[in-house]
Amino acid sequence: AQSVAQPEDQVNVAEGNPLTVKCTYSVSGNPYLFWYVQYPNRGLQFLLKYITGDNLVKGSYGFEAEFNKSQTSFHLKKPSALVSDSALYFCAVRAANFGNEKLTFGTGTRLTIIP
Amino acid sequence: EADIYQTPRYLVIGTGKKITLECSQTMGHDKMYWYQQDPGMELHLIHYSYGVNSTEKGDLSSESTVSRIRTEHFPLTLESARPSHTSQYLCASSEYWDRGGNTEAFFGQGTRLTVV
């Protein structure tokens, strides 16, 4: 069975500082990895994905994430946090093989940027 | 504009009522999903579909049912609503990876259901 772990329920970062939101995964075979953001009373918005190729992927709003196969991690990063980055962040995984269509999410990390 | 729509956004309903949550997408995606989101934020997959006439149960057991008669439409029905069904319900869709489409799922805005 595939799974995602987001070890931190809450992350607080001062505005202007770098931020990291952690994610580790477990899946059979190669993974497709995703980050989503959710603002209050809204659906999930896609931020970025890793499918293949370069381990560092860049996404929307200045976010990036680094795929580390040996550590089975896909941490979300941003060099300089903005107050508007405060939201709920979800990491997700699915196996990169046809026939497995299930997308599994982590439990979410609430990111708060302190002015 | 291609998108995914959920209606209603908010619903307050009495115990025992039958309800249907609507989800429609205009992207031509084959795969569609329903997720239930706890107040504490965790997402649970309750139903998914590979295409027309295909429906599967997800990881979390749910008393709801779904149907997929048309590609663009994936409604969720509760025959008899109970307070334990109070939650946010998120619908999503995605393309098959081998058709060269994007692999990420696109989400609707959600329906917040309250059963009193």
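The chains referred to below are lettered A, B, ... by the order of the sequence lines, with proteins before strands, and numbering in each begins at 1. Everything numeric here is computed off the predicted structure, so don't read it as measured data.
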For A:L103 and B:Y35 the tightest heavy-atom approach is O-OH, 2.8 Å

Tell me whether A:Y39 shares a hydrophobic cluster with A:L48, the cluster being built from Ile, Leu, Val, Met, Phe, Trp, Tyr side chains joined at under 4.5 Å. yes

Is the distance between the ring centroids of B:F107 and A:F46 under 6.0 Å? no

Check the hydrophobic clustering (I, L, V, M, F, W, Y; side-chain heavy atoms under 4.5 Å; chains of links allowed) and say if B:L60 and B:V66 are grouped together. yes

Option in B:G110, B:A105, B:G108 with maximal non-hydrogen atom pairs under 4.5 Å from chain A: B:A105

At a heavy-atom separation under 4.5 Å, does A:I51 approach chain B through its side chain, its backbone, both, or neither? side chain

Taken to the nearest 0.5 Å, the spacing of B:E104 CD from A:R94 CZ works out to 11.0 Å

Can you name the closest pair of heavy atoms from B:L90 and A:G43 and give their distance? CD2-CA, 3.9 Å

Answer with side chain, backbone, both or neither: which region of A:Q6 has an atom nearer than 4.5 Å to a non-hydrogen atom of chain B? neither

Say you draw a straight line from CD of B:Q37 to CZ of A:F90; how long is it, rounded to the nearest 0.5 Å? 4.5 Å

hydrophobic_cluster_shared for A:L56 and A:L33, side chain cutoff 4.5 Å: no

Please test A:L44 against B:L43 for side-chain contact (heavy atoms from CB on, under 4.5 Å), starting from the C-alpha separation and ending with a verdict. CA-CA 11 Å; A:L44 272 66; B:L43 284 157; 3.7 Å; yes

What's the verdict on side-chain contact (heavy atoms from CB on, under 4.5 Å) for A:Q45 and B:F106, showing C-alpha distance, side-chain angles and the deciding distance? CA-CA 7 Å; A:Q45 250 179 272; B:F106 295 85; over 6 Å; no

Honestly curious: do A:V57 and A:Y61 fall in one hydrophobic cluster under the side-chain, below-4.5 Å linking rule? yes

With a 4.5 angstrom heavy-atom cut-off, which part of B:Q88 approaches chain A: side chain, backbone, both or neither? side chain

